[in-house]
Amino acid sequence: MNIVKVNTSSHYEVKIGSGLLASIGQEVAAVTKSKITAIVSDTNVWPLYGDIVSNSLKNAGFAVVSYVFEAGESSKSGTTYLDLLSFLAKEHITRTDCIIALGGGVVGDLSGFVAATYLRGIPYVQVPTTLLAAVDSSVGGKTAIDLDCGKNLVGAFYQPKLVLCDTDTLNTLPKDVFQDGCAEVIKYGVLYDAALFSHLQEKGLDFDRESVITRCVELKRDTVTADEFDTGCRMKLNLGHTIGHGIELLSSYEISHGKAVAAGMALVSRAAQHYGLCSAEDTAAIIDTLTLFGLPTQVNYSPEMLYESALSDKKRAGNLVHLIVPRAIGNCEIRQTPTQELEAFIKAGF
């Protein structure tokens with residue numbers, strides 16, 4: 001097992017290894033004084049891991065209640081949010097009790113936002129069961145729900161008490177869901193770590209899971225510690241996301257987050273090459289690596305459609321969009337792009 005310590009406004013550990021779900025009761029008892037744990041999960045994950053998590057918590061002395069919602073991005077909504085709040089109130093969950101977010105990014109984002117706002121904040125523990133959640137959304141305290149006009153437009157910064165990543169859960173993922181997470185893994189290599197990127201180029205989908213997840217979490221830890229509230233360097237973690245979120249929205253979330261981010265990374269990389277910001281060799285390496293992992297590098301929407309969709313991105317500040325642009329493998333920059341120039345930038349990436 002690897003442990004990454006996150007020293008933000010509240011300190012916590014990210015534990016990464018095999019077989020950790022069976023010990024979740026002891027782990028939660030060590031970081032909270034809760035009497036009741038409310039497990040939040042979805043219809044894909046609960047049948048796989050609901051019993052093992054519930055039994056471990058009960059064996060550690062917790063009373064356990066559970067809330068299971070329909071899997072999918074459409075559930076990351078105000079309707080589900082309010083329904084979950086009502087469930088917690090009806091179950092008499094108090095400020096000293098604890099939410100367990102058991103699932104992927106949708107479960108973690110929704111559960112974290114509920115934890116941040118129910119009774120003005122109660123403890124929660126992230127238990128990511130997808131690669132994407134393990135390397136990205138479970139760490140750093142970003143919580144949110146979607147609105148009809150955009151993704152993650154309502155949320156809060158709220159750190160968990162613990163992140164418990166059992167790598168065995170990745171074995172039950174469909175291949176395309178695992179590939180989704182690989183987009184975020186590749187992102188970390190492009191952003192910060194040429195050695196990580198080279199390992200991914202060499203190994204493809206057979207990369208060392210525990211060590212790669214640990215490295216990605218370390219990189220995110222360092223970024224979040226330097227800029228917890230996303231006003232500076234943390235914006236870099238949105239590489240591919242401005243266009244990616246636009247793709248998701250245009251597809252009514254039929255295109256998954258990872259695939260949309262991959263296409264967004266490819267588009268931004270080609271545009272960076274067009275403007276002389278990134279070499280042809282590094283751009284080709286990014287495109288080729290995304291292709292190696294079975295991820296898309298093109299989009300079926302017009303530049304005009306992507307431009308309009310990107311204007312609803314939460315990272316927009318007035319008439320500026322903070323685009324994250326590769327300069328080289330392991331080196332990216334934040335470019336404050338006027339909205340009137342964004343459409344031309346997007347067109348350059350086609």
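The aromatic rings of Phe87 and Tyr67 sit tilted relative to each other, their planes meeting at an angle between 30° and 60°.
With respect to the salt-bridge test (charged N to carboxylate O, under 4.0 angstrom), the residues Asp97 and Lys35 do not qualify. Using a 4.0 Å cut-off between charged side-chain N and carboxylate O, Arg215 and Glu218 make a salt bridge.
By the 6.0 Å and 45° rule, Arg209 stacks over the aromatic ring of Phe178.
Remark: the backbone N or O of Asp176 is paired with a side-chain donor or acceptor of Lys259 at under 3.5 angstrom. Judged purely by atom type and a 3.5 angstrom limit, Asp166 uses its side chain to pair as donor or acceptor with the backbone of Gly19. Between the Lys187 side chain and the Leu239 main chain, no donor and acceptor come within less than 3.5 Å of each other. In terms of modelled atom types and a separation under 3.5 Å, the side chain of Ser56 and the main chain of Ile52 share no donor-acceptor contact. A donor-acceptor contact shorter than 3.5 Å is absent between the side chain of Arg327 and the backbone of Glu333. The main-chain N or O of Gly140 is found under 3.5 Å from a side-chain atom of Gln159 such that the two form a donor-acceptor pair. Between the side chain of Ser309 and the backbone N or O of Gly246 there is at least one donor-acceptor pair closer than 3.5 Å. Here the side chain of Ser251 pairs a donor or acceptor atom with the backbone of Glu248 at under 3.5 angstrom.
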Would Phe62 and Ile100 count as a side-chain contact (heavy atoms from CB on, under 4.5 Å) here? Give the steps. CA-CA 12 Å; Phe62 293 102; Ile100 310 294; over 6 Å; no
Run the side-chain contact (heavy atoms from CB on, under 4.5 Å) check on Tyr12 and Lys161 step by step: do they pass? CA-CA 6 Å; Tyr12 57 96; Lys161 291 293 183 181; 5.7 Å; no
Let me see the working for Cys216 and Asp136 under side-chain contact (heavy atoms from CB on, under 4.5 Å), right down to the final yes or no. CA-CA 8 Å; Cys216 291; Asp136 195 64; over 6 Å; no
Could you go through the side-chain contact (heavy atoms from CB on, under 4.5 Å) check for Val28 and Ser34 one step at a time? CA-CA 8 Å; Val28 173; Ser34 307; 5.5 Å; no
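Looking at heavy atoms from C-beta onward, Ile93 lies in side-chain contact with Val65 at the 4.5 angstrom threshold.
With Lys142 as reference, Asp230 is the one residue of Asn152, Asp109, Asp230 to meet the side chain to side chain donor-acceptor pair (under 3.5 Å) rule. Test Asp168, Thr169, Thr172 against Tyr49 for side chain to side chain donor-acceptor pair (under 3.5 Å) and you get one pass: Thr172.
The distance from the CG atom of Asp208 to the CG atom of Leu200 is 11.0 Å, given to the nearest 0.5 Å.
In this structure, Leu219 is a member of the same hydrophobic cluster as Ile324, with clusters built from ILVMFWY side-chain heavy atoms closer than 4.5 Å.
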